[in-house]
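A quick note: this is a predicted structure, and the numbers were derived from the prediction, not measured.
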Amino acid sequence: MMKHYEVVAAVIEHDGKILCMQRNKGKFDYVSYKFEFPGGKVEAGEERHTALERELREEMDMAISIPEDAYLMTVEHTYPDFAITMHVYQKE
């Protein structure tokens with residue numbers, strides 16, 4: 001059975017620019033060095049918007065509040081080796 005992950009991502013806009021991050025080399029070549037919005041996996045029992053706050057704090061040392069009403073959309077995507085449900089929040 002293919003693994004499935006629930007993830008969150010932030011579309012952060014500042015001075016007319018949108019923050020996008022480049023991945024490092026990873027386990028799968030098809031995601032290595034690609035660009036993505038910052039975020040990460042939702043842990044069990046965690047609310048989505050607080051998972052995003054945690055991920056931004058852990059990965060980018062960014063202390064930012066993401067209110068639940070900043071929700072923008074949910075995207076489903078299947079890669080060759082896993083699938084994701086990505087909940088996107090927008091922060092200006």
inquiry  = When you compare the side chains of Tyr33 and Asn24, does any donor N or O come within less than 3.5 Å of an acceptor on the partner?
reply    = no

query = Just checking, any donor-acceptor pair under 3.5 angstrom between side chains of Thr85 and Glu76?
reply = yes

Applying the 4.5 Å side-chain criterion to the ILVMFWY set and letting contacts propagate, would [X] and [Y] be lumped into a single cluster?
X: Val88; Y: Val31; value: yes
X: Tyr30; Y: Tyr5; value: yes
X: Phe35; Y: Val11; value: no

Would you say the side-chain atoms of [X] pair up with the backbone N or O of [Y], donor to acceptor, closer than 3.5 Å?
X: Lys91; Y: Ile64; value: no
X: Thr50; Y: Glu46; value: no
X: Glu92; Y: Glu13; value: no
X: Thr74; Y: His87; value: no
X: Glu55; Y: Leu52; value: no

Please report the interatomic distance [atom1]([X]) to [atom2]([Y]), rounded to the nearest 0.5 Å.
X: Arg54; Y: Glu59; atom1: CZ; atom2: CD; value: 8.5 Å
X: Asp61; Y: Leu56; atom1: CG; atom2: CG; value: 11.0 Å
X: Asp69; Y: Gln90; atom1: CG; atom2: CD; value: 11.5 Å

ask   = Below 4.5 Å, heavy atoms only, C-beta onward: do Glu53 and Ser65 meet side chain to side chain?
value = yes

query = Given side chains that start at C-beta, do those of Val42 and Val7 come closer than 4.5 Å, heavy atoms only?
reply = no

Minimum heavy-atom separation for [X] to [Y], with atom names?
X: Phe37; Y: Ala9; answer: CB-CB, 4.1 Å
X: Pro38; Y: Met60; answer: CB-SD, 3.6 Å
X: Gly26; Y: Ser32; answer: N-OG, 2.8 Å
X: Met62; Y: Ile12; answer: SD-CD1, 3.8 Å

message = I'd like to know whether Arg23 forms a salt bridge (Lys or Arg N to Asp or Glu O under 4.0 Å) with Glu36, so could you lay out the CA-CA distance, the side-chain angles of the two residues, the decisive distance to 0.1 Å, and finally the verdict.
response = CA-CA 7 Å; Arg23 294 178 66 97; Glu36 63 185 5; 3.0 Å; yes

task = Carefully, step by step, assess Arg48 and Glu68 under the rule salt bridge (Lys or Arg N to Asp or Glu O under 4.0 Å).
result = CA-CA 8 Å; Arg48 296 171 186 157; Glu68 182 60 37; 5.8 Å; no

inquiry  = Can you see whether Phe82 has Lys3 sitting over its ring - NZ or CZ less than 6.0 Å from the centre and within 45° of the normal?
reply    = no

ask   = Taking the inter-plane angle between the rings of Tyr89 and Tyr71 on a 0 to 90° scale, is it parallel (under 30°), tilted (30 to 60°) or perpendicular (over 60°)?
value = perpendicular

request  = Indicate, with yes or no, if the rings of Tyr79 and His77 have centres closer together than 6.0 Å.
outcome  = yes

